[in-house]
**Q** 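Could you have a look at this structure, given as structure tokens, before my questions?
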Amino acid sequence: MSVDRSYSPYEVIRMYHDRGMMKWGAFATGELTEAQNTFEKEKKDDKVIQTLPHHLVLYLLNQSFSNQLQIKIKYQSKNKLNEVYGFVSEFINNQVRVKSTDKIYLISIEQIINIS
């Protein structure tokens, strides 16, 4: 769609061509970048995992052991968050032995952050 500017005595006005949506590109890109950065920040904030109380960890481990239910354990080891899916097979002192399909893990109960 073009605008008729033949009424103007100035050639600059008659020859002006509006770039349409191109002029808004910088604003749209800036808003999109800001929205993506906000989304990524919120996503990182969502990853903060609440540590379960010690008595609840023991209770859930005991329930898994008694009923032979598979659980997912998230635990902290050397500043790294690890996940294990498996069955609780044994309690040894302050540790729990978890059997997964490929490996047997010995995890300190104090390192456990979350169980589901």
Side-chain angles (χ1 to χ4, degrees):
M1 180 173 158
S2 104
V3 177
D4 181 22
R5 295 188 177 90
S6 59
Y7 61 86
S8 177
Y10 303 102
E11 183 179 355
V12 174
I13 293 175
R14 289 192 308 266
M15 299 303 290
Y16 175 75
H17 176 69
D18 187 11
R19 297 184 308 162
M21 291 303 292
M22 283 179 57
K23 62 186 172 190
W24 299 104
F27 294 111
T29 304
E31 288 178 359
L32 179 61
T33 302
E34 184 180 341
Q36 286 176 331
N37 290 340
T38 302
F39 177 74
E40 289 298 321
K41 183 178 181 275
E42 288 173 358
K43 197 163 91 173
K44 286 179 184 174
D45 291 344
D46 289 344
K47 287 190 175 183
V48 173
I49 299 171
Q50 292 291 337
T51 304
L52 289 177
H54 187 69
H55 70 280
L56 190 55
V57 168
L58 290 173
Y59 174 77
L60 292 171
L61 290 172
N62 189 30
Q63 288 297 312
S64 172
F65 177 73
S66 300
N67 300 318
Q68 281 302 296
L69 298 172
Q70 186 173 10
I71 57 173
K72 176 173 73 170
I73 299 175
K74 291 184 183 179
Y75 67 98
Q76 186 85 26
S77 175
K78 299 177 185 171
N79 294 331
K80 183 178 173 190
L81 192 63
N82 300 310
E83 285 187 0
V84 173
Y85 294 91
F87 297 91
V88 175
S89 64
E90 188 176 4
F91 290 96
I92 304 169
N93 295 334
N94 214 11
Q95 297 177 327
V96 63
R97 182 175 288 167
V98 179
K99 287 185 183 179
S100 70
T101 55
D102 60 340
K103 197 173 173 184
I104 296 175
Y105 297 89
L106 191 59
I107 304 168
S108 174
I109 295 175
E110 283 81 27
Q111 292 177 329
I112 296 175
I113 296 172
N114 199 345
I115 299 176
S116 54

**Q** Any link between F87 and V98 through a network of hydrophobic side chains (Ile, Leu, Val, Met, Phe, Trp, Tyr) touching at under 4.5 Å?
**A** no
**Q** Identify, with sequence neighbours excluded, every residue that meets salt bridge (charged side-chain N to carboxylate O under 4.0 Å, His left out) alongside E83.
**A**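 Applying salt bridge (charged side-chain N to carboxylate O under 4.0 Å, His left out) to E83 gives K74.
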**Q** Which residues pass the side-chain contact (heavy atoms from CB on, under 4.5 Å) test with Y7, sequence neighbours left out?
**A**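 By the side-chain contact (heavy atoms from CB on, under 4.5 Å) rule, Y7 matches R5.
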**Q** Rounded at 0.5 Å granularity, tell me how far CD1 in I109 sits from OH in Y75.
**A**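 One gets 14.0 Å once the value is rounded to the nearest 0.5 Å.
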**Q** Does any pair with a residue in residues 93-116 pass ring-ring contact (aromatic ring centres under 6.0 Å, His included), and if so which ones, sequence neighbours excluded?
**A** none
**Q** Is the CD atom of E34 crowded by more than 12 outside heavy atoms at less than 6.0 Å?
**A** no
**Q** Supply the atom-to-atom distance I73 CD1 to N114 CG, rounded to the nearest 0.5 angstrom.
**A** 10.5 Å
**Q** Residues sharing Y10's hydrophobic cluster, by side-chain heavy-atom contacts under 4.5 Å among ILVMFWY, directly or via others?
**A**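 When side chains under 4.5 Å apart are linked, the cluster holding Y10 also contains I13.
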**Q** For a quick test of your reading: what N or O donor-acceptor pairs under 3.5 Å do the side chains of residues 54-66 make, sequence neighbours left out?
**A**
from: Q63; atom 1: OE1; to: N67; atom 2: ND2; distance (Å): 3.2
from: S64; atom 1: OG; to: L69; atom 2: O; distance (Å): 2.7
from: S66; atom 1: OG; to: N62; atom 2: O; distance (Å): 2.9

**Q** What pairs with S6 under side chain to side chain donor-acceptor pair (under 3.5 Å), at least two apart in sequence or on another chain?
**A**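 Applying side chain to side chain donor-acceptor pair (under 3.5 Å) to S6 gives D4.
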**Q** Closest heavy-atom contact between R97 and I92?
**A**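 Taking every non-hydrogen atom into account, NH2-CD1, 3.5 Å.
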**Q** Could you list the residues that satisfy side chain to side chain donor-acceptor pair (under 3.5 Å) with N93, not counting sequence neighbours?
**A**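 With neighbours one apart ignored, the set is empty.
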**Q** Which residues pass the side chain to side chain donor-acceptor pair (under 3.5 Å) test with S108, not counting sequence neighbours?
**A** E110
**Q** Can you find a pair of side-chain heavy atoms, one from L52 and one from I112, that are under 4.5 Å apart?
**A** no
**Q** Looking only at heavy atoms, which two atoms of Y85 and Q70 are closest? And how far apart?
**A** CB-NE2, 3.7 Å
**Q** So, do F91 and V96 sit near enough that their side-chain heavy atoms are less than 4.5 Å apart?
**A** yes
**Q** For S100, give me all partners under side chain to side chain donor-acceptor pair (under 3.5 Å), at least two apart in sequence or on another chain.
**A** D102
